[in-house]
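A short write-up of the structure that comes next.
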Protein chains: 2
Amino acid sequence: MEKYLQTYQDVRRKIIAFNYMDFLFSWDQETEAPSASHEFRSKQFQVIAEERYKLSSDPAFMEAVEKLYENLNELDDELKVEIKNEYKDLRWVKKIPKDEFIDFQVLTQNGSNIWQVAKKNNDFASFQPTLEKIVEYLRKFVKYLETDTLKGYDVLLDMYEEGMGMKEYDEFFNTLREELVPFVLEVTKDKPAKFSRKLTHSVFPREQQREFSHYLMDVFHYDKTKGLLKESAHPFTSGNASVDTRITTHFHEDHLVSSIFSTIHEMGHAIYEMQNDPKYDDTFLHGGTSMGIHESQSRMYENMLGRAKEFWDIHYAKLVELFPKQLKDVSVEEFVRYINTAKRSLIRIEADELTYALHIMVRYELEKLLISGKLKVKDLPKKWKQLMGQYVGIRPKNDTEGVLQDIHWSGGSMGYFPTYALGSAYAAQIYHAMNQDFNVLEAIKNNQIDQINAWTKEHIHKYARTKTPKELMLIATKEPFSPMYYVQYLKEKFSQK
Amino acid sequence: MEKYLQTYQDVRRKIIAFNYMDFLFSWDQETEAPSASHEFRSKQFQVIAEERYKLSSDPAFMEAVEKLYENLNELDDELKVEIKNEYKDLRWVKKIPKDEFIDFQVLTQNGSNIWQVAKKNNDFASFQPTLEKIVEYLRKFVKYLETDTLKGYDVLLDMYEEGMGMKEYDEFFNTLREELVPFVLEVTKDKPAKFSRKLTHSVFPREQQREFSHYLMDVFHYDKTKGLLKESAHPFTSGNASVDTRITTHFHEDHLVSSIFSTIHEMGHAIYEMQNDPKYDDTFLHGGTSMGIHESQSRMYENMLGRAKEFWDIHYAKLVELFPKQLKDVSVEEFVRYINTAKRSLIRIEADELTYALHIMVRYELEKLLISGKLKVKDLPKKWKQLMGQYVGIRPKNDTEGVLQDIHWSGGSMGYFPTYALGSAYAAQIYHAMNQDFNVLEAIKNNQIDQINAWTKEHIHKYARTKTPKELMLIATKEPFSPMYYVQYLKEKFSQK
């Protein structure tokens, strides 16, 4: 055992370093790498990826993981969790034939390019053969990886959110279908409200937007000694240690609130990882425990905190100070209504808080049908339009605004989308639990977001990956996950008109 | 042979990738890494350094280099040069006992910290034991590495500038001693001229300084698709491909010209590597051929181009536009005099173009004495003061401003300093040669620095590391190196008063 532990720790130390280099490389790539260097860089990255793969597929390392797994009871609690996770990940290397795995990687690497062109040209037919192959591989992999408890699509769902399979998600989405869909269709049936042209047609210079993002970093107590803010085409959070968790945002001069809510959203992700207990930095337990829990933090910071009237009551003055001409005569009330409008829309990433989960529900239904074999790829566009009409009350006129809008499937990701909706639902339940301990809006009004951070740290963040999402929800909210908090939250918020 | 070539190329491919990661890591470290992440990062860097060392000390790789070296005639010309260089580098691994090499590395890693404290406290005695050990090791290594033609200090000199030993440097510095020292002492004997307080006592906001640096990047045709400008404590150029060569500068609000000449100096380094033939990017032949040639480019761009009256005749207006209040009533003539003042000073990195080489001469003499054993470390401070008085005409009152001012020795670098002076001398000869082909000041006046870049590319840059400094000077100037161009250049420039 000592020997296996030693091997495990030696290789783990190296993998963590390679992961860090991987992070640095992508961070540089997305934020500043010179454009002419891409070809040269991708050759260097290829080498590092090969070395990284050698480490995790090293037979001595795999043997160590297996032996430690067979003797789990001899390990301390935290190492137990870590070894369980590693053993689970080993399945991909062990159960899937190497050739198929590599073919799939090549397929999905090219897939994004093919998808991009298809989306641009509104040409689903040119993407269809690729997507057919991807679905075919995923169906095969699912067979290889099935267990007594995980069947079919469950295998993929469980990869992104442990403990969530079709049974659990069906329950969740059924609740939304029954409780939320009729409510949303009712609330959004009228034409959306109009707002001052100053909000929708002004130019908001990027320098002032940047300054406001830095202001927000202070308001949210984002620790600038452990991270930084830069720009990238698509905002993201990146890093792999509590002491190094960086964020990006984007500045669109014709769309002020886009950078504001991107920055807050990414801070939600980042504060989660920054508040992980630092002792996990040198282990595989650092990070968020699941995609759903991660998204719960970004959504809670963005929507429950960042879109609250109480938040803008004290911070709107700063915004007006930066944009005095653009926001002249726009009251804080109008601004808050503006950032909380619900309407039927086609594009997921532009969807508002109310309708967002229904966009996800469309994707969940479709993935389930595809993996089960009940839906053919060629019939996807039609089915997409039908479900959009049913759940969101609006049908895309073309595939660019429909089935081709998201990158995920082209990269081989199925089972990931549902965690976005789940994250919002987790957020509502966590927010409710926090309010049992103290008045959150009161804290916001008093500019004490550090109090909120202290609560999320104590009840969620510090645990890093040592708890499963289910365990964490129990710890944080003292009850199992229930979608009713989400439904209640949305109904209450969007009934106040 | 085929087998050895294959091994060589395989390992080379990996080393280049690790070198690139090394570059990215340092770049991040110097320009933006969050301050609290240093300890975590250094652990990750340690792993990557270990893996990097494994590659170059891999017995199969070393064998391949040796076999290829034994069969040099079978290789094409460029690979010949590369293998010669690699074979030379192998000496360090092969001739120096591993234990001693590692001890030296630990010693010099800690050396910089000890030096830093000693410098701060003006306490040479606390640094003396460390420096004694460093000199002792260097004297030992020199013995291990001596050849028929390289003896003692030659071994170290040759590491930084192939073909330059004590014989060559003695000739060079003797010329400076005879021709330059009396001239400099004469020119600088009066109190330095006074300039408008607007130049010396204004505040120059960093944002405008940054804008001017970006303006300069355009003026010099620095290719922004292959690099970028950021800030760091000490300006540097970094990158390891023609398509990725980045620079930094610093902005001191009380010292406008510091950022200007740092930016131009680093662009000189960067344009050299950017204009390397890109085919060397995937080999060990990319880069500058020596420290001296590298410095010749940075010095030529900074001093001959950037400090010329003709340069400011057309670019001073932009500077005044950015700093209208600060430069009000300061004529371009006064500004040009200001940036070309010579005076006796104590600190090398603040020294002007005229006196700079004499600061280096002091260090050359001292290193030669230390490595030969004729000077003891304990007697260094006294000897330093004496030589400074003799060559620069000014004696430091304390060691902080004297023998403790530079970091180099604490890190184990001896033999490096002389290349700084040599670079300036190379620059004068190259500048003279270029003027035989076209009127350089005319090109500057017409804002055609691209014409200058085209010349340096054709005569120097494109060769990367395929030519030795000696070969390159012959190619670029059609004659062997001669310090007289440097002496003439300085005498002419600093006699015009």
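Bear in mind that the values here come from a model prediction, so they are computed numbers and not experimental data. Proteins get letters first, then strands, A, B, ... in listed order; numbering begins at 1 in each.
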- Task: Identify which part of B:Asp281 has an atom lying under 4.5 Å from any heavy atom of chain A, answering side chain, backbone, both or neither.
- Result: both
- Query: So which part of A:Glu39 gets closer than 4.5 Å to some heavy atom of chain B, the side chain, the backbone, both or neither?
  - Reply: neither
- Item | Contact origin within A:Tyr20 toward chain B - heavy atom pairs under 4.5 Å |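 For A:Tyr20, side-chain heavy atoms alone lie under 4.5 Å from chain B.
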In terms of side-chain geometry, is the basic nitrogen of [X] or [Y] positioned less than 4.0 Å from the acidic oxygen of its partner?
{"X": "A:Glu30", "Y": "A:Lys230", "value": "no"}
{"X": "B:Glu51", "Y": "B:Lys14", "value": "no"}
{"X": "B:Asp282", "Y": "B:Arg12", "value": "no"}

- Message: side chain to side chain donor-acceptor pair (under 3.5 Å), that's the test. Do A:Glu266 and A:Tyr301 meet it? Break it down for me.
- Response: CA-CA 9 Å; A:Glu266 299 308 329; A:Tyr301 278 73; over 6 Å; no
Determine the option with the most heavy-atom pairs under 4.5 angstrom with chain B, choosing from [options].
{"options": "A:Asp223, A:Asn19, A:Ile16", "value": "A:Ile16"}
{"options": "A:Lys224, A:His38, A:Lys43", "value": "A:Lys43"}
{"options": "A:Phe40, A:Trp27, A:Phe25, A:Phe18", "value": "A:Phe40"}

- chain A interface, residue from B:Gln46, B:Glu32, B:Lys226, B:Met21 that has the most non-hydrogen pairs under 4.5 Å: B:Glu32
- Task: Apply side chain to side chain donor-acceptor pair (under 3.5 Å) to A:Gln209 and A:His252, showing your working.
- Result: CA-CA 9 Å; A:Gln209 288 199 47; A:His252 300 308; over 6 Å; no
- Query: Would you say the side-chain atoms of A:His234 and A:His250 include a donor-acceptor pair closer than 3.5 Å?
  - Reply: no
